[in-house]
Structures are given as structure tokens and as C-alpha cells.
Amino acid sequence: METESEPYVRLATLRQLHQVMADMNTARSLADTLQTVADGVVTGLGFELACVNLVRPDGDLVVAAFAGNPAAEALITGRVGSRESWERRLSMGEHWGDLVFIPHTEGWILDDDDVPQWYTDGPAPRFEDEWHPSDRLFAPMYTPGVQGGACGELIGVLSVDRPRNGRLPGAWGREALQMYAFQAAIAISNARLRANMQRALVRLEREQQALRASEESFRQAFEYAPSGMAIAEMGGDQHGRILRTNDALCRLLGRPASAMRRYSFSDLVHPEDIGTLLRTSAEGGRAELRLGRRDGTYVWVSLRNSVVADAADGPRFLLTHVEDIEDRKRRELQLAHRASHDSLTGLPNSAELRSRLSSRLCTRPTNAGALESTDAAYGHPAVYDANGHGFDFRPGAAAFEGYDHHVHTVAPDERERDDGTKGLAVLFCDLDGFKSINDRFGHNAGDAVLIEVARRLTRQVRDGDTVARLGGDEFVILADGLGRADAEDLAVRLRNEIIQPIRAEGRAVRVGASFGIGWAHCGMTADEVLKSADERMYVEKRSRPKQHRRAG
């Protein structure tokens, strides 16, 4: 480059400087930009050597690019100088605008610092503006400041050496180097930004690819899962509405996917299981309930919920896993039925009878006067729980502290034939003449009689009454809400039904029946109630002539 001593700067020189600046801004990567910056100092500014020292994230400066001497390039490229040493260099010497010139007469004090360098010693200058091999010239590069100022953050330092004309840069050379450093800072900042953007784009693309792969994996897992899957809205006016179902759920319920989108699970659940569904937690909740099929039947399923989000703060959805447990539930119900029912007649067995009877009784003794006076003290009617606790059913009334709902069981007054009191009647039935049938015709005939008696008893009672087989040829009937006359009439009807001929093993046989009527009331145990009815049955049996105890 021409010096300022010439009366003008040739147009070719300006074009060359413009070209190297253009090359800085068109490099493809940060590494290419740094090397282009170093090469531009040599090709466009007239220096034989140039080094780009780039500020690292930790603040120290690393030799990122070198131009002009392959041996020196191999020696110092990649070496690091501390930020402290660089700040010392930039604060001393002569300041030519933003440039820092440290003459050889002062530079000796820097020989022992850790900044990578290639300087050599040489003879003293022969004239005033001659360049000495130990002279140092630095051009700091700052990020552009506000409104184009050059007072931003230091991003690197250009080190130059050995001007081709052997002279110190004049006014034009200094201005050109300072302007070049400013443009180099812009080019490096832009290259860094592009590199960061490219890394971000690569990272985003990878994340999108991973997301697409995850979505595809989820779609396949959802669509082809062997058990039912559904996605429902969570929150808002359409909370619970089914948005998407897989083929397995559609097959399980016999409903097409388009129809499923018109429902929520609360629309499909069995009416008796709606409470179970509502108690199921949305997040990680489980429930076993029945869902309705298209043909009107119901299937037992296990529901398991989890919450998924569309994005970090996006809408949330409810993912429901539906597993068919019909076979298991059927087996469980069968086992429960076998445990609580007689295997021969199918009636509730002794354990189930006692359980049902105990559930109606509490340990609070019956005392109508005490109940009446206690309730009167509160000024309202009350009912009692299994522990004798009261509960007020008036609208708006609150339960007594610690009191649960229990209808207190009372019995008709035994001193009156019919005082209008309704209670829980316990009819103890013992078959007369059953043993002779077993002895004469065998146990198969006896079993046939028991099965038929069970059928006849069940046919004669109301829905909600209990007919149980206590054991052997003994049966018990629990009939709630009967007065004394009602219970006696029921016993007569049942006896008349039993004494009708029964077909067993190809022949007609007949048995009789003796009934004892007991009354359950709170304060009694189930065994006490059954014992009372049993004793009354034996009183009734002994009071009848032997020939009248069975029909024959």
C-alpha cells in the first residue's frame, strides 16, 4: 500500500482494500472469516505478517489465525495468552487512535509475559520512521457499540509486523488498519452469530427430528397398542371429551372412532360406576369399572390416567389406558359368589346370611323411650348408625359430630298382635320328613328336594328379601318392613308352597316345613337373632301333631 508521502492513493489500492473487506463478510464459517481477516492484512494493508488473537469464553486470547509465515504460523497457532497480559500491552506504548504501538525501546519488558509472539531482535533504526523487528503494533477489535460506535466489548486483537516498505505506518496506513480492524470486528461478530445460528438450527433440526421420531413412535404405540387407548380434553368447557381413540378401544366397545369422539368416559360408564369414575384422579388415577358397548352390554375394564402436555406451557390432555379385565373380573365375581353362596342351591350361605343380618344391626340397645327423649332434646327426628350414632335428614341439617347414617332396626311389640310396627322379620324354616327321603331314595333325591324348595322359597318372597340356606335342610328368610301379621302370612304362604309334591328321581315326594319367626333389632347379634328364630321354630314344631308336620 502506498504511504501518505505520495500525493494520492491509487484507485487500485482502494479496490484491493475494498475486496479484502468484502472477502471477510462473505466467508462461509467463523474459521474462514478469521483466516480471511489475517490474509487481508497481508494482501490489502501492506504488512508481511498478521495474527488474529480471538477472545475465548474464559476471557483469555487464543491465536486463531495467522498469515505471512508458515513457520511462525505452525509455532504459535492455537497458543493462548492471558487476558491480564493482553490488557497490560494495550494500556502501554503509544496510542494511535484505537491502535497501540509499542516501540522496541519499551517492548523488552514484555519478553517474559505469556502472549505468543514471533518477534526477533535487530540493529537500531537508521532513520526516524524505520520499522524495527521488535516493534509491536496492535489493532484491538471491539463489537460495534451503540449507534455504530467502537466502544463495545473486546472480541480480539490484530497483531501486525514488518511493513513491506520497512517504515512505520503513516496517517493513511494507521487509518486504514484501524478501519480494517473495525470492519474485521463486524465480520467476526457476524460470523459468530451465523455460527451460533447454524448450531441452533442444527440443534433445532435434531430436536425436531427427535420430536417427529417421538411423535411417530407414540402414534404407532397408540394406534397399534393391543389394549385400548384414548386421548381426552383436560380442562375447559369440553373437559373429558374424547378426542382420539385407537383401534383396540373401538373394537372393545364396538363403536367406530367417529362415534367415540361424541362421548366422554362419563357418558359410557355404567350408572353404578359413575362414582368410581369421578373419584379417579386425573393424574395417575386407576379405576376398575364397566363401559357400555354399542350393543347395550357392558364390559369390565381397568382405566389408568396420565396427563400429557402439547408443549411446555401448551394445552394439557388426558391419556387414558383401557385394559379389558372382563375375564378376570368374571372369575373374581365367581369366586366371591362361591364363597358366599351355597354350591347346591345357589342361595346365600350361612356366612353371607350372617353378614347381611349384621349389616342391619348396631350395638346400641333398643329403647324407644330413650330414643324418643334423646331426639326430642334436639327437636328433630334422628336415625342411627352401626354404633348407635344419630343423623339428621332434615334439609340443610348437618350430621352430629362423629355420626353416620344408619336406620335403627326395631321389632314389633310382642305384647300386641299387630301394633303397626314394621321390622326385620327372620323366618327360620326346617323341613319335616326330609331325612326319610334321603334314607329311602338316596342323596340325589334329597338334593333335588333341596333345590326345588330353594326355588319355591325364592319365588314367593319379594325382591330385596333374602332366602339363605343355613345348612342341611334349614333355610332362613330375611324380610324387611313387615308387621307381625305380615310375617305370619308369609310363613303360611311359604309352607303351603313347600308341601306341594316335588318330582325327585322319577317319583313324587312331599315334605313339610316348620317356621319360627324371630325379629331382629339393634342391640342383638346375628347369632342371637338366628337363635331366637330357631327356638320359635322348635316351639312351633312341637306344638303341631307329628302326623301334621309333613304332608307325606
Side-chain angles (χ1 to χ4, degrees), residues 1-5 9 17 21 24 37-38 40-42 44-55 59-65 68 81-119 121-122 124-125 127-189:
M1 176 177 292
E2 295 82 352
T3 67
E4 73 282 359
S5 61
V9 177
L17 182 60
M21 290 185 177
M24 288 190 303
V37 169
V41 173
V42 174
L45 296 180
F47 292 93
E48 295 183 3
L49 299 175
C51 175
V52 179
N53 301 273
L54 190 66
V55 177
D60 292 338
L61 282 73
V62 61
V63 177
S82 66
R83 183 64 173 264
E84 182 182 1
S85 297
W86 271 108
E87 288 180 350
R88 183 184 180 194
R89 289 181 175 225
L90 297 180
S91 64
M92 61 182 297
E94 302 175 18
H95 286 264
W96 299 344
D98 289 335
L99 305 180
V100 176
F101 175 70
I102 302 176
H104 65 282
T105 55
E106 301 178 14
W108 61 270
I109 63 176
L110 303 177
D111 291 341
D112 295 330
D113 68 12
D114 60 359
V115 174
Q117 57 188 3
W118 64 90
Y119 304 107
D121 198 4
F127 40 85
E128 183 179 357
D129 62 349
E130 184 180 3
W131 180 273
H132 188 273
S134 295
D135 288 339
R136 296 171 173 85
L137 180 58
F138 304 123
M141 297 181 292
Y142 299 93
T143 56
V146 179
Q147 297 181 349
C151 56
E153 180 184 357
L154 180 71
I155 64 171
V157 179
L158 280 176
S159 299
V160 299
D161 193 17
R162 290 196 293 195
R164 288 196 182 92
N165 60 9
R167 296 180 178 277
L168 296 177
W172 164 247
R174 299 173 187 177
E175 183 69 22
L177 179 59
Q178 182 171 311
M179 179 179 61
Y180 186 83
F182 178 77
Q183 294 298 326
I186 296 176
I188 293 173
S189 296

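- Between D161 and R136 no salt bridge is recorded (no basic side-chain N to carboxylate O distance below 4.0 Å).
- Residue F127 holds its CZ atom at 4.0 Å from CD of E130, rounded to the nearest 0.5 Å.
- The structure places CD of E87 at 9.0 Å from CG of L61, a figure rounded to the nearest 0.5 Å.
- Each of I102, L99, L158 was compared with F138 under the side-chain contact (heavy atoms from CB on, under 4.5 Å) criterion, and only I102 meets it.
- At distances below 3.5 Å, at least one donor-acceptor pair connects side-chain atoms of Y180 with backbone N or O atoms of V37.
- Between F47 and W131, the ring planes lie perpendicular to each other; the angle is over 60°, past the 30° to 60° tilted range.
- Scored by the salt bridge (Lys or Arg N to Asp or Glu O under 4.0 Å) test, E48 finds R162 as partners (sequence neighbours excluded).
- In this view, E84 satisfies the salt bridge (Lys or Arg N to Asp or Glu O under 4.0 Å) rule with no residue, not counting sequence neighbours.
- Here the shortest heavy-atom pairing between R174 and P169 reads NE-O, 3.0 Å.
- Between the side chains of N53 and W86, not a single donor N or O lies within less than 3.5 Å of an accepting N or O.
- Across G93 and E106, no two heavy atoms sit closer than the pair CA-OE1, 3.8 Å.
- Between L177 and W96 the shortest side-chain heavy-atom distance does not fall below 4.5 Å.
- With sequence neighbours excluded, no residue forms a salt bridge (Lys or Arg N to Asp or Glu O under 4.0 Å) with D114.
- Contact detail for S189 and T143: the closest heavy-atom pair is OG-CG2, 3.8 Å.
- Scanning both residues, D98 and P140, for their nearest heavy atoms gives O-CD, 3.0 Å.
- Looking only at distances, no side-chain donor or acceptor of D135 sits under 3.5 Å from a matching main-chain atom of P103.
- A salt bridge links R167 to D129: one of the charged nitrogens lies within less than 4.0 Å of a carboxylate oxygen.
- For the pair V115 and R89, the minimum side-chain heavy-atom distance is below 4.5 Å.
- Closest heavy-atom contact between V55 and R83: CG1-NH1, 3.8 Å.
- You'll find the side chain of L90 reaches within 4.5 Å of the side chain of V157, heavy atoms only.
- Proximity of a side-chain donor or acceptor of H95 to a complementary backbone N or O of G97 within less than 3.5 Å is not detected.
- Of all the heavy atoms in M141 and A185, the pair that sits closest is CB-CB, 3.8 Å.
- To the nearest 0.5 angstrom, I188 atom CD1 is 11.5 Å from Q183 atom CD.
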